[in-house]
Amino acid sequence: MSPDVIPLLMKALGETVAMVVVAMIAATAIGVPLGVLLVVTAKGGVLACPALNRVVAAVVNAVRSIPFIILMVAIIPFTRLVVGTSIGTTAAMVPLTLASIPFIGRQVETSLREVPYGLIEAALAMGATPMQIIRRVYLPEALSSIVAQLTTVVIALVGESAMAGAIGGGGLGDLAIRYGYQRFRPEIMLATVVVLIALVQLVQFAGNSLAKRLNKKEM
Amino acid sequence: MITLSHIEKTYAGADGAVTALKDVSLTVARGEIFGVIGLSGAGKSTLIRCINLLERPTSGSVIVDGLDMMALSDAELREARKSIGMIFQHFNLLSSATVYDNVAFPLRLSGMDEDAIRAKVEPLLALVSLDDKAQQYPSQLSGGQKQRVGIARALASEPKVLLCDEATSALDPQTTKAILELIRDINQKLGLTVVIITHEMQVIKDICDKVAVIENGVITESGRVIDVFTDPQRDMTKEFISVLMGSGFPPDLQNAPISAEPIPGGRLLVRLTFVGSSAGEPVISTLIRKYEVEADILYGNIDSIKDTPYGRMLLGLSGAPEAVENALAFLREKDLRIEVIGYVA
Ligand SMILES: Nc1ncnc2c1ncn2[C@@H]1O[C@H](COP(=O)(O)OP(=O)(O)O)[C@@H](O)[C@H]1O
Ligand SMILES: [Mg+2]
């Protein structure tokens with residue numbers, strides 16, 4: 001392996017991690033409230049508003065049904081508006097975030113639905129407000145499950161960020177395509193794949209252990 | 001303390017409306033332990049949930065501690081609910097919170113500061129004998145301990161009423177006894193009004209003062225437990241009681257034909273129920289001495305409800321028809337309930 005591989009790899013890894021971390025933080029900040037909204041506004045929810053619920057659900061489904069590669073290209077004008085450019089690592093963060101929001105919304109919704117209704121009812125019987133139920137019952141009770149679900153989202157983001165790399169976003173995907181494929185450097189291709197596998201394993205391991213630590217249901 | 005008047009509750013089900021409660025009225029006095037018993041699906045949970053409006057009646061009125069619950073705004077209702085504690089069959093504790101934090105939950109809802117919370121939670125944990133489990137999670141506790149946490153949590157906001165929805169149905173008989181004792185203790189110490197929903201007569205017998213029997217959404221019988229127990233009117237009530245006490249028939253008589261007319265050489269079966277002080281009277285010996293009858297005690301037991309002793313006895317009277325008639329007349333004069341079953345060979 002030639003000595004230039006390590007710095008190349010480190011730089012690409014840094015870009016991938018930056019894309020994933022920033023997109024994850026931004027998408028979680030919006031996706032978690034979205035998931036909460038999907039649960040509490042549903043029929044029988046603590047802030048039932050079925051009409052709103054249907055609209056939000058429809059938008060979520062619409063965004064989720066667009067393949068990432070198409071979404072990325074389709075929102076270029078929006079990306080330029082937000083970050084001032086449509087190429088590079090920073091630009092890639094915009095479509096990565098956008099694609100992850102509805103994904104996280106649905107995942108969080110699934111986690112919140114696992115909270116037994118009896119707990120909600122007990123809180124209602126104690127005079128809790130809907131906001132208190134969200135903050136003190138739904139979120140803490142679902143936290144472990146939400147962490148497990150978010151781990152899946154991070155792993156999906158690693159994959160999508162590699163795709164973003166293919167159109168000039170930088171990162172490990174970019175490295176693999178430009179050096180490994182276009183310049184016939186199979187050792188770079190191999191090294192990239194190994195790093196990606198290690199990254200995904202690490203994320204999964206960290207997510208699993210955190211979820212397990214937060215789960216007080218089986219001790 | 002609690003007055004339900006003409007409560008109707010209809011659920012809009014997938015296949016037509018289900019009427020869960022029909023014209024239900026009942027009054028629970030301050031400091032009383034009031035039981036509601038019925039089969040599964042009779043409407044018990046719906047009834048108890050109408051008291052704190054977890055379920056809003058379709059019509060009727062709910063008055064708790066002088067407040068017309070159905071007239072309250074959302075915010076007022078939340079305030080009112082803080083003085084109505086509730087415990088559940090499946091405990092409904094937060095699995096992610098420790099015992100301490102579960103009990104502190106209602107206090108944190110009210111925005112109480114942590115020092116004040118500690119000053120309240122610690123004595124409550126001592127009251128339910130869980131002071132050593134404060135930092136454990138519910139999954140580390142037994143069913144009985146979980147229900148103790150539920151009780152401590154329900155008491156944290158110093159309610160005037162405690163609602164118990166099948167609070168012991170998920171527990172074994174011994175744990176049930178201990179939890180019921182705790183509820184009775186609290187009722188006496190704190191003067192709390194308690195409403196208990198159950199499908200087990202034992203629960204009613206062990207701690208309730210009054211009982212209402214609910215069948216298919218209708219209250220069919222109600223009154224003091226001792227009265228309903230010793231003089232049940234409805235077949236279903238008798239059924240509940242016989243599950244608890246046995247039918248009171250010895251096995252060899254269970255399938256014997258019973259005749260309304262005297263059978264030569266046969267016996268007249270009479271069931272006697274003694275309540276209170278008359279339980280101790282020497283009725284049987286007097287009967288045998290004064291009348292020329294033989295009285296076989298075919299079945300008997302003595303028990304007590306709260307502090308009132310009562311006994312049930314199945315007598316087989318035999319002798320000359322006149323003597324039997326006279327004996328019967330003597331029994332009827334006594335301060336006891338008598339049920340003439342009929343003659344057997
Ligand atoms: N949320 C609901 N929607 C529709 N039907 C209900 C609902 N809750 C209870 N019921 C019906 O009302 C009746 C009484 O139920 P419930 O009060 O739970 O009975 P119990 O507690 O005595 O077992 C049952 O027929 C039940 O199916
Ligand atoms: Mg029930």
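So you know, we letter chains A, B, ... as the sequences are listed, proteins then strands, and number each from 1. Treat the numbers as computed from the prediction; the structure is a model and nothing was measured.
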Review point. Is B:D74 atom CG crowded by more than 12 heavy atoms from other residues, nucleotides or ligands, each under 6.0 Å away?
Key: no
Check your understanding: Considering only heavy atoms from C-beta outward, does the side chain of B:S139 approach that of A:K217 to under 4.5 Å?
Key -> no
Point to revise | chain A contact via B:F105 - side chain, backbone, both or neither, heavy atoms under 4.5 Å | key: side chain
Practice item. Side-chain contact test, heavy atoms from C-beta onward, threshold under 4.5 Å: evaluate it for B:R81 versus A:L124 and give yes or no. Key: yes
Point to revise | Proximal component of A:P140, with respect to chain B [non-hydrogen, under 4.5 Å] | key: both
Exercise for review: Could you walk me through whether A:R136 and B:R108 pass the side chain to side chain contact (heavy atoms under 4.5 Å, CB included) test, one step at a time?
Suggested key: CA-CA 9 Å; A:R136 295 177 178 276; B:R108 297 206 169 111; 3.6 Å; yes
Check your understanding: Which one, B:I84, B:L93, B:L53, leads in non-hydrogen pairs under 4.5 Å with chain A?
Key -> B:L93
Revision key, fill the gap. Okay, A:S144 and chain B: the region with an atom under 4.5 Å from a heavy atom over there is neither
Exercise for review: Grab the two heavy atoms, one from B:L109 and one from A:A128, that are nearest each other, plus how far apart they are.
Suggested key: CD1-CB, 3.7 Å
Revision key, fill the gap. On a heavy-atom basis, the closest approach of A:K216 and B:S95 is CB-O, 3.2 Å
Revision key, fill the gap. Value for CZ (B:F91) from CG (A:L119), rounded to nearest 0.5 Å, stands at 12.5 Å
Review point. Tell me, side chain or backbone of B:I87 under 4.5 Å from chain A's heavy atoms, or both, or neither?
Key: neither
Review point. Heavy-atom distance under 4.5 Å between the side chains of B:R153 and A:M126, does that happen here?
Key: yes
Exercise for review: Let me know if B:L54 has heavy atoms under 4.5 Å from chain A in its side chain, its backbone, both or neither.
Suggested key: side chain
Check your understanding: Is a side-chain donor or acceptor of B:N92 paired with a backbone partner of A:A122 at a separation under 3.5 angstrom?
Key -> no
Practice item. Might you confirm whether atom CZ of A:F205 has over 12 heavy atoms from other residues, nucleotides or ligands at distances under 6.0 Å? Key: no
